[in-house]
Amino acid sequence: MTAAGAAGRRRPPHASFANVLSSEWTKIRTVPSTFWTLLAGALIIIGFSALWAWAFTASFDQLDRADRASISPTSPMQIAFYFGMVVFGVLGVLVISGEYGSGMIRASLTAMPRRAEYLAAKAVVVAGVVLVAGLVVSFASFFVSQPILMINHLDGSLGDRGVLRSVFGGGLFLALIAVMALGIGTIVRHTAGSIVTMFVILFVLGIVGGFLPGSWGRTLNQYLPSNAGSAILAPVRQSGSLAPWAGLGVFALYTAVVLLVAVVLFRSRDA
Amino acid sequence: MILARGLTKRYGHKTAVDRADFSVASGHVTGFLGPNGAGKSTTMRMILGLDRPTAGDVTVNGKHYRDLGAPLREVGALLEARAAQGGRTARNHLRCLARSNGIPDRRADEVLRLVGLEAVAGQQVRNFSLGMSQRLGIAGALLGDPPILMFDEPVNGLDPEGILWIRTLIRQLAAEGRTVFVSSHLMAEMALTADHLVVIGRGRILADTDMRDFIDTNATSHVLVRSPRLTDLVPLLSARGWRVDPEGRDAVRVHGTPPDAIGDLAADHGIRLHELAPVRPSLEEAFMRLTGDTVEYHAGTPGQPPIPPDVAAGGAA
């Protein structure tokens with residue numbers, strides 16, 4: 001781009017990346033849906049963590065030795081994430097589909113016509129917001145379940161092997177989900193269609209994968225987006241799943257691919 | 001200065017804008033006139049870099065829109081009445097746009113005052129009427145205090161008060177030396193506001209000319225004559241070689257002569273006249289003559305205006 005040199009000589013205020021970031025930050029914090037989506041996601045994940053911690057505790061006497069051994073301090077959280085993570089995807093979708101739905105996208109792109117930069121600014125803001133919110137949710141869901149697990153001595157602490165990584169990784173995973181959802185929202189452009197797509201990718205695929213037969217089925221199942229991503233939530237690598245960082249890395253790769261497709265389509269399509 | 005050269009947009013087999021050449025000169029109000037579906041909005045979206053031209057090119061001040069450093073400071077645009085997210089307040093909506101171009105937050109309140117929305121600055125946009133949304137859109141266009149303004153059908157759906165407000169605003173913006181490019185299918189509105197005209201029909205530019213010239217070229221003046229003895233008068237008029245068209249039951253339109261000659265002729269023969277009025281050609285008449293063939297959805301009314309041969313030939317494509 002030749003714009004950099006020309007922009008330097010221009011009147012100082014211009015559509016720089018910092019200004020577009022500031023604009024996107026203003027956008028995300030000035031629509032009520034951001035707060036309500038984050039609140040819903042937090043309630044589901046924290047609430048289900050407590051609920052499953054209680055369920056493990058209540059049914060502890062009926063579990064055999066193997067089942068008991070498979071419960072880790074982050075087990076309730078893992079299950080809760082499975083139900084709640086798609087809500088953080090909804091936030092990522094809304095950041096762009098809300099603009100398409102209202103016609104705001106045309107006002108926005110008239111103010112900032114360099115579309116790759118525009119989408120990058122959205123991705124940074126969404127990732128930042130959901131990372132912070134996701135870390136809070138992840139740590140809260142861990143801490144809320146420990147006192148309940150303690151009843152049967154199933155609890156643990158952040159100092160235990162792999163636990164801090166699991167809880168911290170939970171926040172990272174949610175941020176990646178939101179960025180992937182932003183990409184899907186950009187590709188699909190409709191709120192409902194994007195959310196259904198997110199739901200299929202994060203929820204339905206994971207269930208379908210569980211029914212795949214044979215060793216190829218088990219291998220493929222590990223690489224399905226939600227299964228790969230949630231590997232980070234287990235303190236110790238579980239059988240039938242990728243290693244924690246490898247799993248999150250695979251999910252990050254999917255996110256990058258979706259975002260790349262989104263940028264290409266976003267730049268070539270009419271707004 | 002907006003300059004379009006061979007600007008073309010096709011959607012599949014349908015050509016929305018067909019090799020359009022036109023310019024919007026600085027410091028004038030240029031009207032962009034055409035029937036519904038003629039390609040006005042598509043052309044405006046291409047100018048703003050929202051739609052990608054299939055062929056050809058359009059520049060703003062010599063640059064492609066996407067290369068403008070701070071677009072809002074160079075061009076302000078109102079494309080559609082509702083272009084704000086419902087959950088956001090009017091002030092925050094404007095701040096979001098302003099910040100992307102490094103425009104300070106207080107400018108949002110300034111433009112809200114300018115369009116008379118300061119009382120509802122803190123209200124969610126979803127509760128706005130069409131007129132209020134339109135004003136908010138105009139506030140957005142004015143954020144960067146740009147020398148060029150583009151309004152797409154700004155008076156559509158507005159009440160008389162809103163229409164008067166927009167008309168006054170456009171005149172005021174032009175008086176400040178700004179370039180205004182305003183599209184409409186409302187002739188009376190155009191005649192009141194525009195100095196220059198770009199006329200489009202079925203995606204083709206039919207005229208790019210001064211308003212006065214456009215009317216003089218495409219419509220003729222005539223004299224309206226009302227008389228109780230038309231049957232006696234008409235043969236006398238025709239005998240002088242003037243064209244006479246009927247106008248209602250007791251009047252005719254006479255072409256090709258000033259009113260005094262008709263008055264004298266009638267007096268010479270003792271024929272009473274109840275009305276003798278020179279009628280200046282209207283923009284509407286000029287426009288209908290030029291675009292009669294290019295209206296996309298005809299209502300199928302009989303007695304359509306005659307079609308100039310050059311337009312008829314071009315419009316067949």
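Letters A, B, ... are given to chains in the order of the sequence lines, protein chains preceding strands, and every chain is numbered from 1.
Most heavy-atom pairs under 4.5 Å with chain B, from the set A/S22, A/A18, A/S23, A/G98: that is A/S23. Heavy-atom pairs under 4.5 Å with chain A peak, among B/V75, B/N92, B/L79, at B/N92. Each of B/L78, B/T89, B/L97, B/L143 has some count of heavy-atom pairs under 4.5 Å with chain A, and the biggest count is that of B/L97. Contact tally against chain A (heavy-atom pairs below 4.5 Å) for B/A77, B/P71, B/C96: the top residue is B/C96. Contact tally against chain A (heavy-atom pairs below 4.5 Å) for B/A83, B/P104, B/G87: the top residue is B/A83. Each of A/S33, A/P32, A/G101 has some count of heavy-atom pairs under 4.5 Å with chain B, and the biggest count is that of A/P32.
In this structure, A/H190 places its NE2 atom where only 12 or fewer heavy-atom neighbours from other residues, nucleotides or ligands lie under 6.0 Å away. Crowding of B/R52 atom CZ: a count of heavy atoms from other residues, nucleotides or ligands under 6.0 Å not exceeding 12. Remark: A/Y100 OH is packed, more than 12 non-hydrogen atoms of other residues, nucleotides or ligands lying under 6.0 Å away.
Inspection of non-hydrogen atoms places A/G103, A/M104, A/R106, A/A107, A/S108, A/L109, A/T110, A/A111, A/P113 of residues 103-113 of chain A under 4.5 Å from chain B. Contacts of residues 4-11 of chain B with chain A at a heavy-atom distance below 4.5 Å involve B/K9, B/Y11, listed in sequence order.
In this structure, OG1 on A/T30 lies 10.5 Å from CD on B/Q124, to the nearest 0.5 angstrom. With rounding to the nearest 0.5 angstrom, the CZ atom of B/R88 is 8.0 Å from the OG atom of A/S102.
No part of A/E24 comes within reach of chain B, as not one of its non-hydrogen atoms sits under 4.5 angstrom from that chain. Heavy atoms of A/R115 lying under 4.5 Å from chain B belong exclusively to its side chain.
Contact annotation: the side chain of B/R99 never approaches that of A/N19 to less than 4.5 Å [non-hydrogen atoms, C-beta and beyond].
Of the N and O atoms on the side chains of B/R95 and A/T26, not one donor lies less than 3.5 Å from an acceptor on the other residue.
Across all non-hydrogen atoms, the minimal contact from B/Q85 to A/V31 is NE2-CG1, 4.4 Å.
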